[in-house]
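Here the structure comes first, spelled out in structure tokens, and everything after it is commentary.
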Amino acid sequence: MMATSNISRDNNGRATTQATLSGALFDDNSLSYGVTSGRQSGDGQQSTNNSAHAQYRSMNTELSVNAGSGTGYSQVGLGARGAIVAHPGGVTFSQPVSETIGIVEAHDASDARVLNSSGLKVDSRGYAVVPYLTPYSMNTVDLDPKGMSTDVELQISSQQVAPRAGAVVMLKYPTVSGRTAIIRALQSDRQPLPFGASVFNQQGQEVGVVGQGSKIFARGLEPKGSLIVKWEDGASSS
């Protein structure tokens, strides 16, 4: 939040005062607002003017509202802007776009935040439109997994791209889906498992690691099955 004010007075005795309060709300600054109040006086007359505006950016639109009043007038305005982008995965609604844009593809990563624009998230189909990229420059497009299901893992969360002017760039972020679990497991003699030991599924894929207190953190699990913990070569070390 920021507050500013100014006062001015000219050689003819006319004075103007104005105060403004502005800021943004939410973690991604998706809601911005401003309130202004002013007063003019001089030549035996005085007038006032007050105004307020707010803008909200969601994953697929930009909404705005403004209102103002003063000596002899009042006004209210509403606005909505957005875009519809067709791509190989279908059609995605978007915030207003520029000439050069990107399309994020991250299946099952619904609600992951795209940090390049306020309010931008991956939709339920696994897509998001990055509304502006700078052509002929290196652009970094980051995904924040906060908000997405804990049963989905982003294998990469950041990519860089240098597009041509007017390009629509597809950016694919591979994901792994499966049940996530924390399991307290002991050896047959009731001793804890070695810290840092690797955990594998029945197909030999590594799915987790042993943490403190003999607790396994594993991701990408099937509804049923067995896990194998290995810490050295040899049958006695699993």
Side-chain angles (χ1 to χ4, degrees), residues 1-7 16-40 47-87 90-106 109-135 137 139-148 157-159 161 163 165-169 171 173:
M1 183 183 296
M2 180 173 64
T4 61
S5 62
N6 61 72
I7 301 173
T16 301
T17 61
Q18 182 174 285
T20 300
L21 180 68
S22 61
L25 299 175
F26 307 132
D27 291 342
D28 56 357
N29 298 323
S30 56
L31 177 64
S32 58
Y33 63 89
V35 179
T36 300
S37 179
R39 180 175 181 271
Q40 298 84 35
S47 61
T48 60
N49 60 80
N50 303 286
S51 64
H53 71 271
Q55 182 183 77
Y56 177 70
R57 296 172 67 91
S58 70
M59 69 174 70
N60 50 28
T61 190
E62 181 182 278
L63 303 174
S64 60
V65 59
N66 60 79
S69 65
T71 304
Y73 80 94
S74 63
Q75 60 89 27
V76 176
L78 300 173
R81 299 197 305 153
I84 302 174
V85 180
H87 52 83
V91 174
T92 300
F93 292 88
S94 165
Q95 299 174 358
V97 298
S98 65
E99 179 189 34
T100 307
I101 64 176
I103 299 173
V104 168
E105 181 183 87
S110 174
D111 291 331
R113 287 174 51 196
V114 183
L115 300 182
N116 298 67
S117 182
S118 298
L120 186 58
K121 295 182 180 181
V122 176
D123 65 17
S124 59
R125 296 172 51 250
Y127 293 96
V129 176
V130 183
Y132 49 85
L133 294 175
T134 303
S137 297
N139 295 257
T140 301
V141 180
D142 294 320
L143 299 188
D144 181 356
K146 182 180 180 180
M148 58 185 276
S157 60
S158 179
Q159 291 193 54
V161 61
V168 179
V169 183
L171 300 167
Y173 293 77

(message) Walk me through whether S118 and D28 qualify under side chain to side chain donor-acceptor pair (under 3.5 Å).
(response) CA-CA 5 Å; S118 298; D28 56 357; over 6 Å; no

Is there a side-chain contact between [X] and [Y], using heavy atoms and a 4.5 Å cut-off?
X    : Y    : answer
T20  : M2   : no
I103 : V130 : no
P131 : I101 : no
V141 : L133 : yes
N66  : V76  : no
M59  : D123 : yes

Residue pair [X] / [Y]: nearest heavy atoms and the distance that separates them:
X    : Y    : answer
P163 : N139 : CD-ND2, 3.6 Å
V85  : S94  : CG2-CB, 4.4 Å
N29  : A24  : OD1-CB, 3.7 Å
S124 : S110 : CA-OG, 3.8 Å

How long is the gap from [atom1] on [X] to [atom2] on [Y], to the nearest 0.5 Å?
X    : Y    : atom1 : atom2 : result
Q18  : T4   : CD    : OG1   : 7.5 Å
L115 : D142 : CG    : CG    : 5.5 Å
Y56  : E62  : OH    : CD    : 12.0 Å
R39  : T71  : CZ    : OG1   : 10.0 Å
S157 : L143 : OG    : CG    : 7.0 Å
L120 : S58  : CG    : OG    : 9.5 Å

(message) Less than 4.0 angstrom from a charged side-chain N to a carboxylate O is my criterion; do D27 and K146 meet it?
(response) yes

Check: [X] side chain, [Y] main-chain N or O, donor-acceptor pair, under 3.5 Å:
X    : Y    : answer
R125 : T92  : no
T100 : G166 : yes
Y132 : N116 : yes

(message) Working note: M1 + S22, criterion side-chain contact (heavy atoms from CB on, under 4.5 Å); need CA distance, chi angles, decisive distance, verdict.
(response) CA-CA 6 Å; M1 183 183 296; S22 61; over 6 Å; no

(request) Assert yes or no for the condition that the ring centre distance of Y127 to H87 is strictly below 6.0 Å. (result) yes

(request) Would you tell me whether T61 and R81 have side-chain atoms, one donor and one acceptor, within less than 3.5 Å of each other? (result) no

(request) Determine whether the side chains of T16 and Q40 contain a donor N or O and an acceptor N or O closer than 3.5 Å. (result) no

(request) Using side-chain contact (heavy atoms from CB on, under 4.5 Å) as the criterion, point out the one residue from N60, V97, V104 that pairs with V129. (result) V97

(request) Scan T48, N49, T17, N50 and name whichever one has a side chain to side chain donor-acceptor pair (under 3.5 Å) with S37. (result) N50

(message) For Y33, is the OH atom crowded, meaning more than 12 foreign heavy atoms sit under 6.0 Å from it?
(response) yes

(request) Please step through side-chain contact (heavy atoms from CB on, under 4.5 Å) for the pair L63 and R57, ending with a clear verdict. (result) CA-CA 6 Å; L63 303 174; R57 296 172 67 91; over 6 Å; no

